[in-house]
Structures are given as structure tokens and as C-alpha cells.
Amino acid sequence: MSVFMDLNLTFSQDKSNMQRLIETAAHLGFSTVAVNYTFEPTAKKKQEIPSPTPISEIIAQLPIVQGRSRPIRVLNRLTLVMSDLCHFRPNAAEYRGFDLIAVHPTTEKVFHAACMQLDVDIITVSVTEKLPFLLKRAPVSGAVERGVAFEVSYAAAIRDATMRRYTIANAISLAETYKGKNVMVSSAAEKPLELRGPYDVINLSTLFGLSDGDARAAVSSTCRSVLLHAETRKTASGVISTRRISKETSCQPGATPSSCDVPAAKRVKTQQKD
């Protein structure tokens, strides 16, 4: 059975609205959701990155996921709307409070850097306007190789007919550039009525030019890969290999180096015969 995720629920100060959003997502069958905080820095004045509200303050008790016996998992996500590379601060302490880091590039230069260099988990494709630049295969391929996912959200298409055209056109452009790989579909919902069930999202994704398999992955396995990428980013891509060694291994002449790893005090002493 697939584990479905929606990694973009728009944060609002209305606590009751956020509670209904999370409860609706759990009722629809989403096992994991992310509360999204959007930040658009400007060069004119210094702005502070918003701190995520603890999940326990948003909702006291997490609802049980429909069809499963466990509560929904709620994460925090930061989306940076960027027009200049100087707006991205990879070592900023404010980023550490978020489980996921996404970037919404508004220029081709920032898009290329996000694909090839920036240490982010998600690149958001605009759905409210025509793309201001062409999606080229080289940077998109670079992002896929680095494990960065591209995001298309559908809530704007529900609100307005014009945005619906932009959403479909931009999503199809992305799907054609790299055949729908590493594309995740989320809601960006502001209200519970804007949420759709996982299978409705899968059907909607086929309108975005995704194949049946890629459409299903867009709300399941691709989202899981995003979470794993975020965990790897936080642990500096460390890899540890372990091997079990018997405690009774003795270091005899001609023995392998691994057999001599046992401390001398714990080695088995052999009695020599006269």
C-alpha cells in the first residue's frame, strides 16, 4: 500500500484553520504533510526569516490517518522566493528549524543555480503566471542527479481559471523537459476545501503530462525521496560501515589484520607445551 504525502500546506495565523487543514489531510489518507512558511527577501530592508510554530501549538492531538492506525506526521517547510542569489544563506541558523528547504526562483540565473548548486530539497515551479524563462534540459538534469525534486501545486488552479491555464502549461513544460522524473505534486492549500484526495491528485497529474507511474510517484515515492534528501542534507551525507568481530578471535601469526583488532587484554591466551 502506498504512503501518500502532501508537502505543502500553506501556513496561516488562524489556528483553527490549520487544525482543519491537517485533519482533512489525515481524513483523505495523507500520512505526512508539511506546513509551508513562505519568505520573500528584498534588498531594500533587512527581514527576518519566520520561525516555525511548534506543531503542538498548532494542533494539540494529531488525527489518525484514514485507513491506517497511526497519527499523521506533520513537518515544517521553508520556501524562499528568490530573485537574487545573495538572498540564499546556506549556513543561516534560521534554516535549521525547518525539516524541508524549498526555493521558488523568479529568474533564470537563480533557477540554474538552484538546480546545480544550492543545497535545497525542492524547487517550486510557478503556477500563478507564465514562466519568465525557459526550462532547459541541462539544469533540470543536474537537479535530478543531485536528488532535488521539482514541485507543482494545484490549489491555484482551483481558485482561478487563468491560473489553471498557467498551472497546466507550466507543469507540462516541466514534464516534457525531463519526462516527468523527480516531479512532486502538492496542494499549497490555504483552506480545507482546496485539498483533494491522493487518487484525485494522481488523476490530475496526468493532465500535467505525467505518466500513470510518475503521477503516482508524485504523491508517494518522490515525496519520500525528498524527505530522505533532507535528512542527508542535515547529516552532511555521512556514511558508516560496520562489521561484527568475534570476541574470542586471537591474533596468531599469519592471522588477518581484522583478527588482531581485539584488545590484548581480551585475547585468548594459548598454553605452550614443553
Side-chain angles (χ1 to χ4, degrees), residues 4-30 32-40 50 52-53 58-59 66 72 74-83 100 102-107 111 122-133 135 149-176 180 183-210 214-216 218-220 222-223 226:
F4 299 114
M5 306 182 191
D6 187 343
L7 301 183
N8 190 351
L9 299 183
T10 303
F11 173 76
S12 70
Q13 297 292 343
D14 188 344
K15 184 177 178 180
S16 62
N17 181 66
M18 291 304 304
Q19 291 178 352
R20 292 195 300 272
L21 262 178
I22 295 173
E23 291 170 353
T24 302
H27 178 73
L28 291 173
F30 290 102
T32 303
V33 295
V35 178
N36 184 29
Y37 298 78
T38 301
F39 177 65
E40 185 171 1
T53 304
I58 296 177
I59 183 167
Q66 180 73 19
I72 191 172
V74 183
L75 307 174
N76 289 317
R77 163 184 161 175
L78 174 65
T79 298
L80 300 165
V81 181
M82 292 173 46
S83 59
L100 301 171
V103 62
H104 181 176
T106 58
T107 64
F111 178 79
I122 303 167
I123 298 175
T124 299
V125 177
S126 176
V127 294
T128 59
E129 60 183 0
K130 184 178 180 180
L131 284 176
F133 51 85
L135 298 177
F150 292 92
E151 177 190 45
V152 177
S153 56
Y154 62 82
I158 298 175
R159 303 185 195 117
D160 184 83
T162 302
M163 292 183 183
R164 187 178 308 125
R165 291 196 298 270
Y166 288 139
T167 299
I168 296 175
N170 295 348
I172 290 176
S173 177
L174 177 63
E176 290 177 347
V183 176
M184 55 173 276
V185 179
S186 61
S187 65
E190 298 177 357
K191 300 179 292 185
L193 288 176
E194 296 175 347
L195 279 171
R196 296 295 181 268
Y199 293 101
D200 291 332
V201 179
I202 291 173
N203 293 332
L204 180 63
S205 299
T206 59
L207 294 177
F208 296 161
L210 300 181
D214 291 336
R216 190 179 189 88
V219 290
S220 56
T222 300
C223 298
V226 169

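Just so we're clear, the structure is a prediction, and the values are computed from it rather than from any experiment.
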Side chains of [X] and [Y], heavy atoms from C-beta outward: is any pair under 4.5 Å?
X	Y	value
F4	R216	yes
T53	F11	yes
D214	V183	no
P105	I123	yes
E151	N8	yes
T32	L75	yes
L195	L9	yes
L135	F111	yes

Enumerate donor-acceptor pairs with a distance under 3.5 Å from any side-chain N or O in residues 156-164 to protein atoms, sequence neighbours excluded.
| from | atom 1 | to | atom 2 | distance (Å) |
| --- | --- | --- | --- | --- |
| R159 | NE | E194 | OE2 | 2.8 |
| R159 | NH2 | A188 | O | 3.3 |
| R159 | NH2 | E194 | OE1 | 3.2 |
| D160 | OD2 | T162 | N | 2.8 |
| D160 | OD2 | M163 | N | 3.1 |
| R164 | NE | A157 | O | 3.0 |
| R164 | NH2 | A157 | O | 3.2 |

Give the minimum heavy-atom separation between [X] and [Y], together with the two atoms involved.
X	Y	answer
A171	V152	CB-CG1, 3.9 Å
S205	A215	CB-CB, 3.7 Å
T167	S153	CG2-O, 3.6 Å
S126	H104	CB-NE2, 3.6 Å
Y166	V127	CB-O, 3.5 Å
E190	L21	O-CD1, 4.0 Å

Next item on the list: Not counting sequence neighbours, which residues clear side-chain hydrogen bond (donor to acceptor under 3.5 Å, both in side chains) with D6? List them please.
Entry: S187

Euclidean distance, [Y] [atom2] relative to [X] [atom1], rounded to 0.5 Å:
X	Y	atom1	atom2	value
N170	K130	CG	NZ	9.5 Å
F208	I168	CZ	CD1	6.5 Å
F39	L78	CZ	CG	8.0 Å

My understanding is that only residues two or more places apart in sequence, or in another chain, count here; which of them pass side chain to side chain contact (heavy atoms under 4.5 Å, CB included) with [X]?
X	result
I72	I22, A25, A26, V33, L62, P63, V65, V74
D14	S12, S16, N17
A102	R77, T79, I122, T124
T222	A149, M184, A217

Check: Sub-3.5 Å donor-acceptor pair from the side chain of S186 to the main-chain atoms of L7, do we have one?
Finding: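 The answer is no, because no donor-acceptor pair under 3.5 Å joins these two groups.
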
